Amino acid sequence: MKKHQVMVEMKKITKSFSGNLANDKVDFIARCGEVHALLGENGAGKSTLMSALTGLYRPDSGEIRLRDKTIELKSPRDAIEHGIGMVHQHFKLVKPFTVTENIALGASTTPFLLNMDKVEAEIVSLAEKYGMKVDPRAKVWQLSVGEQQRVEIIKMLYRGAEILILDEPTAVLTPQEVDDLFETLGQMANAGCAVIFITHKFKEVMAGSDTITVLRNGQNVATVKTSETDQNKLAHLMVGREMTAKPLEKKGQPGEVVLKLDEVEAFNDKGMLALQSISTEIRAGEILGIAGVAGNGQRELAEIVTGLRETSAGKIIILGEDYTDRSPKEYISAGVAHVPEDRLGTGLVPNLNAVDNILLKNYRNHRGHFLDLKESRKLAEKMVEDFQIKLSSIDDPIKLMSGGNLQKMLLAREFHSEPKLIVTVYPVRGLDIGATRAVRQLLLEQREQGAAILLISEDLDELMELADKIAVMYEGEIMDILPPTYDNLETIGLLMAGSKCEEVGV
Amino acid sequence: MSNKQAELTSGKLTLAWEKRQLPSPWLSVAIPIFSVFMALFLSGAFLAATGFNPLEIYGAMLDGAFGSAYGISETLVKAIPLALAGLGVALAFRMLLWNIGAEGQFYMGAFAASWVALTFPDLPTQIMLPAMFLAGALAGGLWALIPAIPRAVLGVNETITTLMLNYVAILWVDYLVYGPWRDPAGFNFPLTAPFSAAAQLPVYGTTRVHFGLIFALVGAVIIYIVLQRTKWGYEIRVIGENQAAARYAGMSITKNIMLVMFLSGGFAGLAGMSEVSGITHRLQHGISSGYGYTAIIVAWLSKLNPFMIIVVAFLLGGLLVGGYNTQTMGVPSATVSMIQGAILFFLLGGELLTRYRIYFTRKGENS
Amino acid sequence: MTSDQIIAILAAAIVAGTPLLYAALGEIITERAGVINLGVEGMMLVGAVSGFTVAVGTGNPWFGVMAAAAAGGAMASIHAFLTISLRANQVVSGLALTIFGTGLSGFLGKPMVGIVAPKTLAVINVPALSSIPWLGPILFRQDALVYLSYLIVPLLWCYFYRTRGGLNMRAIGENPAAADSVGINVFFLRYVYTVVGGAFAGVGGAYLSLAYAPTWLENMTAGRGWIAVALVIFAMWDPVKAMLGSYLFGGIDAMGFRLQAMGINVISPFFLKMLPYIFTVIVLIIATRKSLKKHIGAPGALGLPYDREER
């Protein structure tokens, strides 16, 4: 097919969930030889639109035309047969399988009696063609997130996908890996594919796309050429109002050392060394940011400083006292607050109500064996008011609340006890711009009040804005600790990918 | 956010279902009742197909169980072990511990209580009964602790281990009543000598309804208060809902698994104690006719609510008495467990309705 | 003990292990596809009673075996409908299946109690092989269902690891969302493997009533369905290891029985009967420890209902 010819056209796509309109008569066109970015905030309807194109959801109304023919996509299989492949944000890979097995899985060319050598050869040639590196015999669980993404891309190409859709593909990559990815996507477009990627980051849109479609509240607000727009215009289109927010202010001076890690080591769930000789400290009123690609020991780090994981070597000192291998209960009473990665799965109990959820950390302080239910209700009501949490009733299961309000409730509970140390992991993941700002503001308030904060983040901009220093983690080690300036951005990126300081030239 | 367009199409009408945000409250009550009726209907079809008249049989069952003061008292007699074991099972289920070893824990409770009664026959009632109570509860609890420890420490599947120990407990009691404990004056029947009068639970009037009923009622109240009002009950509720959050909040899951299993077994052991002390007044072969298994149905049917357990135990006790009543009509005794299994099937299937809203929609129509 | 006695015990171990093997293979198939079915005991019982009834009625034990497979499969389809389509709790549904199967088999089997089947599965000596010293009398003087299991085990292994179907099956057990995304019909396949697993359990039950006993007794499985479930964990979801495990358990069963028959009265028969159950508990603990250490375990999505839109 010729370049710039229309490959796929979606007309007036509408889809609603439980009465909420996720897509409202959206038109969308993707062309051959183009990398097309689909930009929008969380909940703008990007994923829903692309799910319609991959047969995962069926639109309530609207039409999908492929090469000028109307098609009906009943399932992901239909989509693949039409040459439409999607790389999801959460990879659809079978972890205990090898790369080859994952790629052969479900492909129409896979014969009844498996012939893995043949598949392997094809994988290698595809990978070479687009400049990707993979080991076809490795088990997927052994691969880094970036490598897994490559497996997903090859999986789609192996199936002859000509329309490749990637959902938030850069979220899990180092800056350099992002560059490589865009390089690969560009090569695919040159080979005649239509490439679509979903994102909410302006910078990447500008760097990696030819055309941009902006969605807002389930509607297509604009489709523009990348060369004819800029970040400010895009931001305006995406949010629907001017971004006048002032940069957040950081006040106060660091105080005494609250957390000190001395040559700490720990294993992960698979029994492999996940943390290696971690030594660092955080002072009161200071935010230590942890940068790194997910899966390089961040989770384990958060778990050892909250008592949830045992260390295999080293010492954890909190306010001068040795807390190594004490129970989570003791960490809590030492004043360690924890805003975990998976807020609904770990930090909260979805089926219990707000009162019970707010009790989670301080129920032990009630006198005797009984709960003081009256007091708990009062506290819950106060928190709802103070933190402006929106909920239908404090007696309803909290799973009904939105992500932003859940996070506010979690923070309200964790900050209530005036913590000395706050461990927070990806605190704004999945939140919209308003809630993100509120959460960051709350973290800075705690910093001002003298809490030491360990902030694990995948967003370098967030770290630049909040952290007092940034430690870069790679394969369980702290590669280096740097001040949060944009001059250091490239160095941080290289460290995230595992280059040693000397190589980086610091 | 979930909306399912299931294509169970017939013609152009499509069956669609949508997840409810909250389970429908009135359906939560209606479905268990509906399940019982559907199970009776299905089993009725079976009975009819094999040449019985289901209406006649159900009539006889109803009459036998609830039709007379005697019937009701016998139903209560069956309801006591069901309620006690059901409370224990429900407590474990609440923490997602699939204790299906109530049968064995019942046997061990009965064994330990009998040991007290037979070894110290001269104890006065005030000491004898509390000692039997403690021995029964302790033995049931310890028996449940055997699978609980590997479950808590290593995550060994407790469903299988609790069940395996049922067979061991039953064989142990059989060994005693066929062997060393057999009553020499018992004409070679597999039973022990009768207990002294001091080891017998008081009964109500001339019925066989014994003091175990009070154990069950008080037990239900205590469990309710513990779960809803105490710190420890709060921990159990949190662990049952979300283990990760419980760990995160510093609760000890290992300790609570063992504690809850111990209590769970303790209730089942108490059921065994009250059966030997209140009904048979001796240990004998087949002392439980599957109470421990029926207790699973009691627990699930009552949605683990302690007060509902009492009510459901009464109803299923009626099923047992009624089933017994119809055996003289040639109906196999197995009919009762068939009906029980069917109730559970319909209940499980019906739960879908409380979680999803199901409706018809025209294909391709805009909603 | 003489060598003849040892051979007799080992041959009996295979006979006693075969019903466990069929049931365990069935459960492996079901669990590999991500469905846990604790109703094995119930399915075996219904298989045993229908196999026996049909064999008595037709005079042909093979019709009995087929009927047992069909009955086991039908029972499993209830579980499949409840857990796959209606996403009911798999543990409770399996328990319900066992309770229902116990009742149903007792109900259907009432007229069969005390009847002797006119023809049961006969022992066939394999020419040549059966005269190999030791191995011959142990392995090759058995009935046809035993020989069939010798074939099924390697075939299943090949299916699991060497074919497209096996790959798909393992994928839906490990990560149904991944399988679904490449167009594998998770719901349909889980139905198929659950029903096939039930058919295997049914055959295991029929082996009890047509070859092992051979007669019908209420509750004649005596916990073998549960032992089979434990065997699956012991075998790490592998058919070959399941075969070894089944014979091991069969050996314990046979030994207790033999010791009793030989009139060794040192240990009460009640304690001998406890052995398989106690052994199951111990083995399960050891197997769980081992899998913890090696970080291999159950299929990733075992016991979890699949809902495409739940993320």
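Values reported hereafter were calculated over all heavy atoms of this structure, with side chains retained and with hydrogens, waters and symmetry mates removed. Since we're looking at a predicted model, the values are computed, not measured.
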Problem set entry | Taking every non-hydrogen atom, the tightest pair across C:Lys110 and B:Pro332 |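 That closest heavy-atom pairing would be CD-CB, 3.5 Å.
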
Exercise. Should we count CZ of B:Phe34 as having more than 12 external heavy atoms under 6.0 Å?
Worked result: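 No, because the 6.0 Å sphere around CZ of B:Phe34 holds 12 heavy atoms or fewer from other groups.
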
For [X], is it the side chain, the backbone, both, or neither that has a heavy atom closer than 4.5 Å to a heavy atom of chain C?
X	answer
B:Leu163	side chain
B:Ile100	side chain
B:Thr50	side chain

Could you tell me which portion of [X] (side chain, backbone, both or neither) has an atom closer than 4.5 angstrom to a non-hydrogen atom of chain B?
X	result
C:Leu97	both
C:Val91	side chain
C:Leu104	both
C:Ile227	both

Exercise. Which word best sums up how the rings of B:Phe46 and C:Phe100 line up, parallel for under 30°, tilted for 30 to 60°, or perpendicular for over 60°?
Worked result: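 Ring orientation, 0 to 90° scale: perpendicular.
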
Problem set entry | Evaluation steps, side-chain contact (heavy atoms from CB on, under 4.5 Å), between B:Leu47 and C:Phe107 | CA-CA 9 Å; B:Leu47 286 166; C:Phe107 184 86; 3.6 Å; yes

With side chains defined as the heavy atoms from C-beta onward, is the minimum distance between [X] and [Y] less than 4.5 Å?
X	Y	value
B:Met164	C:Trp226	yes
C:Phe270	B:Trp172	no
B:Ile160	C:Ile233	yes
C:Asn89	B:Trp300	yes

Please list, one pair per line, the donor and acceptor atoms closer than 3.5 Å that link side chains of residues 278-289 of chain C to other protein atoms, with sequence neighbours excluded.
unit_1	atom_1	unit_2	atom_2	d
C:Thr280	OG1	C:Pro276	O	2.6
C:Thr288	OG1	C:Leu284	O	2.6

Problem set entry | Residues C:Tyr277, B:Leu165; criterion side-chain contact (heavy atoms from CB on, under 4.5 Å); working and verdict | CA-CA 7 Å; C:Tyr277 308 115; B:Leu165 291 177; over 6 Å; no

Exercise. So, does B:Tyr175 use its side chain to make a donor-acceptor pair with the main chain of C:Phe271 at under 3.5 Å?
Worked result: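 Answer holds: no.
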
For this session: Scan residues 154-180 of chain B for pairs that pass salt bridge (charged side-chain N to carboxylate O under 4.0 Å, His left out), counting only residues two or more places apart or in two chains.
Result: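 Found B:Arg151-B:Glu158.
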
